[in-house]
Amino acid sequence: MPQITSAPAVSPAPELYLYQREGAYIPRIAAVHDLCGYGKCSLGVAIPVLSAAGCDVCPVPTGLFSSHTAFPGWYMHDTTSILTEYLNAWKGIDVDIDAIYSGFLGAPEQVDIIRSLYETYPNALRIVDPVMADHGKVYPTYTPELCEAMAQLACDADVLTPNLTEAAIILGEEWQGTDISDAEANRIIRALIGRGAKTVVLKGIQREGETLIRNFVGSAESETVEVHNEYLPYMLHGTGDVYASCLLAAIMAGRSLSEAVDFAGSFVHDAMLVSAEQPHFQERGVSFEPLLGKVCALLEE
């Protein structure tokens, strides 16, 4: 196993805290994601990562997959028809929710279901990871109608975490690739905030000739700042889910937004190094399990 290192850098910015952790209270998070049997992503990532941060994760499965869609012959079961009764049952037992974290959706109607959660829990923090595309390509289960519905949901987010392809879809623009300037990253973030998102974490800027991967974060209350890590020359399915889950884990642990962005980027970097030691690692997803102690440590003073 190689020594795990990372090289994050956070620009100075006003500290923004999105959740105040109080005493021994364990916050509850409604995790609105699909459940994937093989190829770690979605709920298979969100549940262990957020649990390690001392959160009670309440799954809302948007679909059941045999494996992630990079594998041939995958099977999907759309759960849209059960979700209304599923969530109505929560009302009957007075479930309380502190954050609503949505990711991959199976149908446009699921956006309305998430909005019903927003109405039921108006004080819950809203985290939208608009999982629908990457590297200029829309995922195979996403129709134009579902992309449009996801773009609308993005406007309701307290924290929005798109990659560059997803940001382009939300804004109705052409994808420009991953080599964009600081000024362009700031423009995209400000445009998304102009659509209604309160805080935006723009992921995956990778410039030609550089050995860095850059993420940018900005909000209506703060300037845009950059966090970067070492670029690793291989791609793993599920890194976006790990990133967003780690970001939320740090937020719910009471860390500032800049600390959360720093932590998420460093964790993904280190998990990719661990993954590279596993057989068939580029198929099986991100091997983050040996690093969950780092998430537990977020609760330490």
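Quick caveat: nothing in here was measured; it's all calculated off a predicted structure.
Rounding to the nearest 0.5 Å gives a distance of 12.0 Å between NZ of K198 and CG of L16. With values rounded to the nearest 0.5 angstrom, R284 atom CZ is found 5.5 Å from K40 atom NZ. Rounding to the nearest 0.5 angstrom, the gap separating the CG atom in N186 from the CD atom in E223 is 7.5 Å. One distance of note links CD of Q20 with CD1 of I251; it measures 14.5 Å at 0.5 Å rounding. Going from atom OG of S219 over to atom CG of L160 covers 12.5 Å, rounded to the nearest 0.5 Å. The CD1 atom of I82 sits 6.5 Å away from atom NE2 of H77, with the distance rounded to the nearest 0.5 Å.
Residues L247 and L202 fall into different hydrophobic clusters, defined by Ile, Leu, Val, Met, Phe, Trp and Tyr side chains chained together at heavy-atom separations under 4.5 Å. A single hydrophobic cluster is seen to contain both V57 and Y25, as judged by linkage of ILVMFWY side chains at heavy-atom distances under 4.5 Å, directly or through other members. By the criterion of side-chain heavy atoms lying less than 4.5 angstrom apart, applied directly or through intervening Ile, Leu, Val, Met, Phe, Trp or Tyr residues, V131 is not grouped with I47; the two fall into different hydrophobic clusters. Put simply, L298 and V159 are part of the same group of oily side chains (I, L, V, M, F, W, Y) that touch within less than 4.5 Å, one to the next. Hydrophobic clustering (side-chain heavy atoms under 4.5 Å, transitive across Ile, Leu, Val, Met, Phe, Trp, Tyr) keeps I113 apart from L43.
Applying the side-chain contact (heavy atoms from CB on, under 4.5 Å) test between P130 and each of T161, L105, I169, N163 identifies T161 as the sole match. A side-chain contact (heavy atoms from CB on, under 4.5 Å) with V217 is found for one member of T224, I189, V201, D262 and no other, namely V201. When the options Q152, E166, M132 are evaluated for a side-chain contact (heavy atoms from CB on, under 4.5 Å) with C147, the one that passes is M132.
Between G204 and N215, the shortest heavy-atom contact is N-OD1, 3.0 Å. The two residues T62 and Q110 make their nearest non-hydrogen contact at O-NE2, 2.8 Å. Here the closest non-hydrogen pair linking V200 and P162 is CG1-CD, 4.2 Å. Smallest separation of non-hydrogen atoms from V274 and P290: CG1-CG, 4.1 Å. Taking every heavy atom of both residues into account, R195 and C155 meet most closely at O-CB, 3.2 Å. The shortest non-hydrogen separation linking H228 to R214 is CB-CG, 4.1 Å.
The pair D129-K203 counts as a salt bridge, with a side-chain nitrogen and a carboxylate oxygen less than 4.0 angstrom apart.
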Margin query: Go through it in stages, so that I can follow the logic: the residues are M252 and D98, the test is side chain to side chain contact (heavy atoms under 4.5 Å, CB included), and I'd like the CA-CA distance, side-chain angles, deciding distance and then a yes or no.
Written below: CA-CA 9 Å; M252 300 307 290; D98 298 286; 4.3 Å; yes
Next item on the list: Apply side chain to side chain contact (heavy atoms under 4.5 Å, CB included) to the pair D134 and Y139, showing each step before the final yes or no.
Entry: CA-CA 8 Å; D134 201 3; Y139 295 145; 3.6 Å; yes
Item checked: side chain to side chain contact (heavy atoms under 4.5 Å, CB included) between T141 and L146, intermediate numbers included -> CA-CA 9 Å; T141 60; L146 182 50; 5.6 Å; no
Checklist line | Worked check of side chain to side chain contact (heavy atoms under 4.5 Å, CB included) between Y118 and L153 | finding: CA-CA 11 Å; Y118 291 169; L153 182 66; 3.9 Å; yes
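Considering only heavy atoms from C-beta on, D156 stays 4.5 Å or farther from V128 through its side chain. Counting heavy atoms from C-beta on, the side chains of I29 and L248 come closer than 4.5 Å.
Under the 3.5 Å distance criterion, the side-chain polar atoms of Y234 are matched with a main-chain donor or acceptor of M272. At distances below 3.5 Å, not a single donor-acceptor pair connects side-chain atoms of S66 with backbone N or O atoms of W74. One N or O on the side chain of T165 and one on the backbone of G136 form a donor-acceptor pair closer than 3.5 Å. Put simply, the side chain of S245 never gets that close to the backbone of V49: no donor and acceptor are under 3.5 Å apart.
Under the 4.5 angstrom side-chain criterion for Ile, Leu, Val, Met, Phe, Trp and Tyr, the cluster partners of I213 are Y231.
Residues S256 and E259 bring a donor and an acceptor atom of their side chains to less than 3.5 Å of each other.
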Would you give me the side-chain donor-acceptor pairs under 3.5 Å for residues 85-97, sequence neighbours excluded?
residue: Y86; atom: OH; partner: P59; partner atom: O; Å: 2.4
residue: N88; atom: ND2; partner: T84; partner atom: O; Å: 3.3

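The aromatic rings of F288 and F267 sit tilted, their planes meeting at an angle between 30° and 60°. Using cut-offs of 30° and 60° on the angle between ring planes, the pair F104 and Y142 is perpendicular.
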